Amino acid sequence: MSFELNNPLFEKLGMKYPIIQGGMAWAGTGHLAGSVSEAGGLGIIGTGYWKADKVREEIHRAREVTDKPFGVNVMLLSRHIREVFDVIIEEGVKVVATGAGDPSPFIEELHSHDILVIPVVPSVGLAKMMEKKGVDAVVAEGMESGGHIGSLTTMTLVPQVVDAVNIPVIAAGGIGDGRGVAAAFMLGASGVQMGTRFLASEESEVHENFKNAVVKAKDIDTLVTGEIMGNRARVLKTKMSKNFVKQERIEIQKPKPDADAIEDLENGSLRRAVKDGDKTTGAFMAGQISGLITELKPVSAILEDTWAQAEKLLN
Ligand code: TUI
């Protein structure tokens, strides 16, 4: 007996599992996203603050590993989003996910090119607004997630979004194995998104220091930066992130830093974690579920094992 997938969206995309890989900036490379799609999930390239040329290159890298559809996540705080959307349209990408903002101005245009639009939402209000604008599904993301986060937990957000909208709801935040997937389905979700679990995969291209840090992390080893300055983001505890939180309390008394300085700080610190494994100045964005992840696995095993465990529980 197998649990019925009640998500036509995933059938349309030819997915074997109702599992999406979160579009992680710097970490969600074409190779990782392509590998997830190839193995039966939906991979998503995380474009963060990347310029259009880099996005095009990673789309091509995804196509080296799969002929299946994959998505591209557009991070709406970036100044390069217009050019990034142009590349997505030119390259015939099938799915756009968005994060860290309101994608309303782009939805009609993306639909006119037959691109599915799946925004990440941190609240019921935004989910309802997105449904009104005609999006194809929403990812309801709790604050257990790594990176930029809202303030509700997955347990509280998902059922409230499920009750508020009539489009598929994909749960994200704190899901790392089949128990989490089964729980999300019990809350009414019809799919899940996992990010941190895929960071610690063989196909993930983050620095080995980053992978090891996720594997070694315990339950209480993340903290949230930006509580004071804004742009709350969950990262692994390091000397640097602990110090950042302290510095924020000092910085807030000073005149506001300019946009370029903030972008350099955010983009640079994440790049240094992902590319250089730099524990002194890097921001290792990862979710609270890091504590559950104790080994690196191939993407195919992550999908297979997770879904096998979920199906057993759901049946
Ligand atoms: O976007 C994410 N997670 C991210 S983006 C990112 S890149 C970055 N790096 C450094 C600092 C900031 C960003 C790293 N992680 N998740 C999806 C998400 N979207 N979480 C929360 C939201 C969100 C927040 C507000 C979505 C919409 C929103 O709307 C506000 C509005 O404009 O109404």
Side-chain angles (χ1 to χ4, degrees), residues 20-28 44-50 54-55 71-81 84 96-107 117-133 135 137-154 157-158 161 170-175 193-196 198-199 206 210 222-236 240-241 244-245 248 257 259-274 281-288:
I20 294 182
Q21 166 244 320
M24 303 166 282
W26 286 106
I44 299 192
I45 298 172
T47 64
Y49 289 104
W50 280 347
K54 174 68 175 161
V55 175
V72 174
N73 179 291
V74 180
M75 207 280 285
L76 295 162
L77 292 171
S78 165
R79 287 178 296 173
H80 312 298
I81 54 175
V84 169
V96 162
T98 63
D102 174 8
S104 295
F106 306 99
I107 295 169
V117 184
I118 309 181
V120 178
V121 298
S123 66
V124 168
L126 201 61
K128 282 167 90 164
M129 188 172 122
M130 291 298 101
E131 178 182 44
K132 223 169 168 180
K133 305 253 168 174
V135 303
V138 289
V139 174
E141 187 192 75
M143 53 81 84
E144 296 91 325
S145 301
H148 187 72
I149 48 170
S151 52
L152 293 173
T153 60
T154 302
L157 177 66
V158 172
V161 171
I170 297 156
I175 302 170
Q193 173 178 290
M194 301 196 295
T196 306
F198 288 112
L199 274 181
V206 304
F210 199 158
T222 70
L223 57 76
V224 178
T225 60
E227 295 277 17
I228 296 170
M229 306 269 283
N231 285 344
R232 299 170 72 240
R234 184 175 303 285
V235 298
L236 293 176
M240 136 84 185
S241 61
F244 186 97
V245 172
E248 268 188 288
D260 284 348
I262 295 175
E263 176 173 324
D264 283 353
L265 186 71
E266 292 177 350
N267 192 29
S269 60
L270 182 57
R271 180 182 49 75
R272 285 191 296 276
V274 171
T281 66
F284 293 80
M285 292 185 174
Q288 290 183 322

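Ligands are counted one by one from 1 in listed order, and the atoms in each one are counted from 1 as well. Quick caveat, the model's predicted, so the values are computed rather than measured.
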Notebook entry, point to check: Can Gly101 be said to touch ligand 1, with heavy atoms closer than 4.0 Å?
Noted result: yes

Item checked: Distance in Å, Gln288 CD paired with Leu236 CG, rounded so as to fall on 0.5 Å steps -> 11.0 Å

Next item on the list: Check whether any side-chain heavy atom of Asn231 lies under 4.5 Å from a side-chain heavy atom of His148, and answer yes or no.
Entry: yes

Check: When you measure from atom 22 (C) of ligand 1 to each heavy atom in Gly22, Ser269, Ala100, which option holds the nearest one?
Finding: Ala100

Notebook entry, point to check: Donor-acceptor pair, Arg234 side chain versus Ala286 backbone, under 3.5 Å?
Noted result: no

Item checked: Side-chain donor-acceptor pair present, Thr154, Glu144, cut-off under 3.5 Å -> yes

Next item on the list: Examine ligand 1 and decide if any of its atoms is less than 4.0 Å from a heavy atom belonging to Leu126.
Entry: yes

Margin query: Using 0.5 Å steps for rounding, measure from the OH atom of Tyr49 to the CH2 atom of Trp26.
Written below: 12.5 Å

Notebook entry, point to check: Can you list the atoms of ligand 1 that are under 4.0 Å from a heavy atom of Met285?
Noted result: 9 (N), 10 (C), 14 (C)

Check: Distance from Ile118 atom CD1 to Ile44 atom CD1, nearest 0.5 Å?
Finding: 6.5 Å

Notebook entry, point to check: Considering only heavy atoms, which of Asn231, Asp102, Val120 lies nearest to atom 32 (O) of ligand 1?
Noted result: Asp102

Next item on the list: Could you tell me the separation between the CG atom of Asp102 and the CG atom of Leu76, rounded to the nearest 0.5 Å?
Entry: 7.5 Å

Next item on the list: Can you sort out which atoms of ligand 1 are near Met75, meaning under 4.0 Å from one of its heavy atoms?
Entry: 5 (S), 7 (S)

Checklist line | Selected option - heavy-atom contact closest to atom 3 (N) of ligand 1, from His148, Arg234, Arg271 | finding: His148

Next item on the list: Could you list the atoms of ligand 1 found under 4.0 angstrom from a heavy atom of Glu141?
Entry: 16 (N), 17 (C), 18 (C), 20 (N)

Note to self: Just to check, does Ala233 reach to within less than 4.0 Å of ligand 1 when the distance is taken from its heavy atoms?
What the structure shows: no

